[in-house]
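In what follows, chains carry the letters A, B, and so on, assigned in the order in which the sequence lines appear, proteins first and then strands, with residues in each chain numbered from 1.
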Amino acid sequence: MDGISIGLWLAALIMGGIAFARPEKLHKQGLKIAWENIVVMVPRIAMAVVVAGLFAVILPTELVANWLGRDSGLTGIVVGSLAGGVTPGGPMLSFPIVTILFKAGAGVGPLIAYLTAWSVFALHRLFAFELPMMGARFTLLRLVSSLALPFLAGILALLLDGFLKTLSF
Amino acid sequence: MIKKLLTDKSLWGFTAIALLLVGACYHKGGDEAVRQGLGNAWVMMVQVGPRLLAAFVMAGFIQVLLPKDLIMRWLGAKSGFRGILIASAVGLITPGGPMLAFPFLAALFRLGAGYGPLVAYLTSWEILSLYRAVIWDIPFMGIEFTALRYAVSFFLPILAGWTAQKISESWESAGDGRG
């Protein structure tokens, strides 16, 4: 258990206390929702983490450093955005992959571009939810309006990270 | 519960990919490479596991504590830039996966919310959802990375919503309003 775990458990405890204090006694319902999520998600996450761990072994580290590394600049942001846009599946796969890329030497700018592109363009969600529930017109309008976001986030992250580094050294 | 696991497409998809990668690792470096890959996974699981469990418990409580009806009434009638701001804030606190966010979005659509707030809401939920930060960003990437990501992303839903608003207004002035 590290600091982040302890912080999250404390927050969970406080939320539980608030739910318990409600006249409707919401804590049981909250725990039920949590349990239902845990049962479905934990096996998936465990398997996705195995995927990411194995992936790290065959991942060509020099390639990551070249294309997504700290000195990859704008190229890294474009590559990160494109990779994020075509990454299929939910967060249980994309986050272990980002962790592995980070350890392999990818910079924060490309990684934030990657995560933003994956968040905004996640194809599985688009086909499973957005198109059937919101229609093609809304989906298209949203995609056009969001096209620049991964690049913007990546470039700003690059600048902000550089700025923070000059402050601390 | 067992039946759910046996029919879980995501789980089986990941398992298939894992088996392929076991083959690829073995091809690259034999037993040693496979062991190294599983070792990587174990290290990640030990670090992320306790964080994830706490995050799921916390998320369950948040979901029951949120005043959904109030938010719906509040946002349904609003539009314009103020609607975009409110929608972005609501996306930030919407818990849960697409099973919750999309029905909510569709309900707002039917209630007559404009394209700007709708796009701002969805984008904000996708990029900024605090729920997602607690379950995924913080356990996997730590607080520093997450804080940096939020610092550079907080205005993006507003930008996307505003762009969508302008485009949809140009549709309407062309006599092509929503049906």
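In this structure, B:R51 forms no cation-pi arrangement with A:W9, as its terminal cationic atom is not both closer than 6.0 Å to the ring centre and no more than 45° off the ring axis.
In this structure, A:L82 is not a member of the same hydrophobic cluster as A:V98, with clusters built from ILVMFWY side-chain heavy atoms closer than 4.5 Å. Note on A:L158 and A:L101: separate hydrophobic clusters, where clusters join Ile, Leu, Val, Met, Phe, Trp and Tyr whose side-chain heavy atoms are under 4.5 Å apart, directly or indirectly. One hydrophobic cluster, built from ILVMFWY side chains closer than 4.5 Å, holds both A:M134 and B:I167. Residues B:F155 and A:F151 do not share a hydrophobic cluster, clusters being chains of Ile/Leu/Val/Met/Phe/Trp/Tyr side chains in contact below 4.5 Å. Both B:I143 and B:M58 belong to a single network of hydrophobic side chains, linked directly or stepwise wherever heavy atoms of I, L, V, M, F, W or Y lie under 4.5 Å apart.
With rounding to the nearest 0.5 angstrom, the CD1 atom of A:I58 is 5.5 Å from the SG atom of B:C25. Note that the NZ atom of B:K9 and the CZ atom of A:R44 stand 10.5 Å from one another [nearest 0.5 Å]. For the atom pair CZ (B:F140) and CD1 (A:I100), the distance works out to 10.0 Å, reported to the nearest 0.5 Å. One finds the CD1 atom of A:I38 at 9.5 Å from the CG atom of B:L52 (value rounded to the nearest 0.5 Å). Atoms OG1 and CG, on B:T163 and A:L149 in that order, are 7.5 Å from each other to the nearest 0.5 Å. Atom CZ of residue A:R142 and atom OG1 of residue B:T123 lie 6.0 Å apart, to the nearest 0.5 angstrom.
Contact annotation for B:V22: both backbone and side-chain heavy atoms come within less than 4.5 Å of a heavy atom of chain A. B:L19 does not touch chain A: none of its heavy atoms, backbone or side chain, sits under 4.5 Å away. A:T116 touches chain B through its side chain: at least one heavy atom from C-beta onward sits under 4.5 Å away, while N, CA, C and O do not. Looking at B:W125, only its side chain comes within 4.5 Å of chain A, counting heavy atoms on both sides. Both the backbone and the side chain of A:E130 come within contact range of chain B, with heavy atoms under 4.5 Å apart. Heavy atoms of B:I135 lying under 4.5 Å from chain A are absent altogether. The part of B:S153 that comes within reach of chain A is its side chain, from C-beta onward, which places non-hydrogen atoms under 4.5 angstrom from that chain. Only the side chain of A:F102 comes within less than 4.5 Å of a heavy atom of chain B; its backbone N, CA, C and O stay farther away. Using a 4.5 Å cut-off between heavy atoms, A:V40 contacts chain B through both its backbone and its side chain. Both the backbone and the side chain of B:L148 have a heavy atom closer than 4.5 Å to some heavy atom of chain A.
Top candidate by heavy-atom pairs under 4.5 Å with chain B, chosen from A:A56, A:A48, A:S146, is A:A48. When each of A:L160, A:V39, A:V120 is checked for heavy-atom pairs under 4.5 Å with chain B, A:V120 comes out on top. Per-residue counts of heavy-atom pairs under 4.5 Å with chain B were compared for A:V108, A:D161, A:N37; the largest is that of A:V108. Considering only heavy-atom pairs separated by less than 4.5 Å from chain B, the leading option among A:L54, A:L152, A:I33, A:I18 is A:L54. The greatest number of non-hydrogen atom pairs below 4.5 Å with chain B, out of A:I14, A:L13, A:I45, is found for A:I45. Contact count against chain A (heavy-atom pairs under 4.5 Å) is highest for B:L156 among B:V43, B:L156, B:L20. Each of B:G60, B:A54, B:G37, B:A164 has some count of heavy-atom pairs under 4.5 Å with chain A, and the biggest count is that of B:A54. Chain A forms more heavy-atom pairs under 4.5 Å with one residue of B:V134, B:L105, B:V46 than with any other, namely B:L105. Contact count versus chain B (heavy atoms, under 4.5 Å) is highest, among A:A11, A:G154, A:G16, for A:G16. Highest contact tally toward chain A, considering only B:L122, B:L159, B:V34, is held by B:L122 [criterion: heavy-atom pairs under 4.5 Å].
Residues B:D137 and A:L115 share a closest heavy-atom pair of OD2-CD1, 4.1 Å. Minimum interatomic distance between B:M44 and A:A52 (heavy atoms only, all atoms of both residues): CE-CB, 4.3 Å. Looking at every heavy atom in both residues, A:I4 comes nearest to B:G142 through CD1-CA, 4.0 Å. Looking at every heavy atom in both residues, A:S5 comes nearest to B:P50 through OG-CB, 3.6 Å. Contact record, B:A18 with A:V50: CB-CG1, 4.2 Å, taken as the closest heavy-atom pair. Considering every non-hydrogen atom in both A:A34 and B:F56, the closest pair reads CB-O, 3.4 Å.
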* To do: Let me see the working for A:W118 and B:E126 under side-chain contact (heavy atoms from CB on, under 4.5 Å), right down to the final yes or no.
  => CA-CA 9 Å; A:W118 166 80; B:E126 286 170 339; over 6 Å; no
* Output, in order, the C-alpha distance, side-chain angles, deciding distance and verdict of side-chain contact (heavy atoms from CB on, under 4.5 Å) for A:M133 and B:F109. => CA-CA 10 Å; A:M133 294 185 75; B:F109 193 41; over 6 Å; no
* Could you please spell out the steps behind the side-chain contact (heavy atoms from CB on, under 4.5 Å) verdict for B:V64 and A:E24? => CA-CA 10 Å; B:V64 291; A:E24 312 96 292; over 6 Å; no
* To do: Please step through side-chain contact (heavy atoms from CB on, under 4.5 Å) for the pair A:I112 and B:F145, ending with a clear verdict.
  => CA-CA 9 Å; A:I112 284 177; B:F145 181 90; 3.7 Å; yes
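Counting non-hydrogen atoms of other residues, nucleotides and ligands closer than 6.0 Å to NZ of A:K32 gives a total of 12 or fewer. No more than 12 heavy atoms of other residues, nucleotides or ligands shown are found within 6.0 angstrom of NZ on B:K3.
Looking at A:S119 and B:R132, their side chains do bring a donor and an acceptor atom within 3.5 Å of each other.
B:F14 is listed as a side-chain neighbour of A:M92, based on a closest heavy-atom distance under 4.5 Å. Within the 4.5 Å cutoff, the side chain of A:F138 has heavy atoms near those of the B:V119 side chain.
Taking the six-membered ring where tryptophan is involved, the planes of B:W136 and A:F95 are essentially parallel, since the angle between them stays under 30° and well short of 60°.
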